[in-house]
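Start at 1 with the first residue, then count along the sequence. The shown structure was predicted, so the numbers you read here are calculated from the model rather than taken from an experiment. Whatever order the structure lists ligands and atoms in, that order sets their numbers, starting from 1.
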Amino acid sequence: MTRVISCINGPNLNLLGQREPEIYGRQTLQDIEMMARDEATLHGFDLQMHQSNSEGAIVDLLQAARTNAVGVILNAAAYTHTSVAIHDALKSLDLPVIEVHLSNPAAREEFRSTNFIGPVVTGSIAGLGAAGYVLAVKALATLIPSS
Ligand code: DQA
């Protein structure tokens, strides 16, 4: 059975390509999905892309990953800076998780320096644009033992 990487994207990331392109780039979430999926295929994984604007739906996706995935890529977007619920869901997930941000939140507004996700993930990639998702797949490929 193909091993699944669950790639979970939070609020407003459905607008990538149109939303503040000077910060987030011109690639759409679909473009990013294709890049990340190609990389995943190279390593023998099936990448499943998800996006939700709802905090609860993201918690549900993380809970589902407990049984249907071998690794997670998470861009929690604005919930990174607010969500205890996503923090708790990550704490109960015994899988490698790579946090990705297109921009570098630490170099932006002060409120983006609060991060509820970073302390409970395996590693973080920020500020590298869409390439961050490809690098996250590469990172998971090194972290997940081959079956
Ligand atoms: C983001 C950074 C967050 O601060 C912001 O709220 C987002 C996107 C990023 O990918 O750079 O929506 O996660």
Side-chain angles (χ1 to χ4, degrees), residues 3-43 45-66 68-144:
R3 297 169 307 154
V4 170
I5 292 174
S6 181
C7 182
I8 303 172
N9 294 277
N12 300 305
L13 294 174
N14 53 315
L15 296 179
L16 284 179
Q18 305 165 42
R19 171 194 183 204
E20 299 181 273
E22 66 288 357
I23 295 175
Y24 298 116
R26 299 212 173 265
Q27 278 155 309
T28 64
L29 196 58
Q30 211 178 4
D31 295 332
I32 292 173
E33 176 177 359
M34 284 193 289
M35 290 165 61
R37 177 163 298 134
D38 284 351
E39 186 66 27
T41 304
L42 283 179
H43 297 281
F45 295 104
D46 176 20
L47 184 126
Q48 291 182 2
M49 197 75 163
H50 306 280
Q51 190 278 327
S52 177
N53 293 326
S54 306
E55 186 177 20
I58 294 168
V59 171
D60 288 342
L61 286 164
L62 288 168
Q63 290 187 6
R66 292 157 65 93
N68 69 16
V70 294
V72 170
I73 297 169
L74 174 64
N75 184 348
Y79 292 136
T80 304
H81 315 300
T82 61
S83 180
V84 176
I86 294 174
H87 172 102
D88 286 349
L90 286 166
K91 264 184 121 171
S92 66
L93 186 60
D94 191 19
L95 291 178
V97 179
I98 308 297
E99 173 191 19
V100 171
H101 298 286
L102 294 146
S103 68
N104 179 2
R108 299 177 61 195
E109 303 96 323
E110 181 64 30
F111 65 84
R112 293 185 206 276
S113 296
T114 301
N115 185 338
F116 285 84
I117 305 302
V120 286
V121 293
T122 312
S124 303
I125 297 169
L128 302 179
Y133 285 77
V134 175
L135 293 169
V137 173
K138 284 184 199 284
L140 286 176
T142 67
L143 291 166
I144 299 166

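- The distance from ligand 1 to the heavy atoms of Arg19 drops below 4.0 Å at these ligand atoms: 7 (C), 12 (O).
- Nearest protein heavy-atom neighbour of atom 9 (C) of ligand 1: Leu102 N, 3.4 Å.
- Side chain of Asp60 to main chain of Ala57: no donor-acceptor pair is present (N/O by atom type, distance under 3.5 Å, no hydrogens or angles).
- Between the side chain of Gln51 and the main chain of Ile8, no donor-acceptor pair closer than 3.5 Å is present.
- For the pair Asn9/Ile32, no side-chain contact is recorded, criterion being any heavy-atom separation below 4.5 Å from C-beta on.
- No hydrogens or angles considered: nothing links the side chains of Gln48 and Asn68 as a donor-acceptor pair under 3.5 Å.
- Closest protein heavy atom to atom 11 (O) of ligand 1: Ser103 OG, 2.6 Å.
- If you check the side chains of Asn12 and Tyr24, you find no donor sitting under 3.5 Å from an acceptor.
- Of the N and O atoms on the side chains of Asp38 and Thr41, not one donor lies less than 3.5 Å from an acceptor on the other residue.
- Closest heavy-atom approach to atom 3 (C) of ligand 1 within the set Glu99, His81, Glu109: this belongs to His81.
- Atoms of ligand 1 found under 4.0 Å from any heavy atom of Ala78 (numbered from 1 in listed order, with element): 6 (O), 12 (O).
- For atom 6 (O) of ligand 1, the closest non-hydrogen atom on the protein side is Arg112 NH1, 3.0 Å.
- The backbone and the side chain of His101 each have at least one atom closer than 4.0 Å to an atom of ligand 1 (non-hydrogen atoms only).
- In this structure, Asn12 has no heavy atom closer than 4.0 Å to ligand 1.
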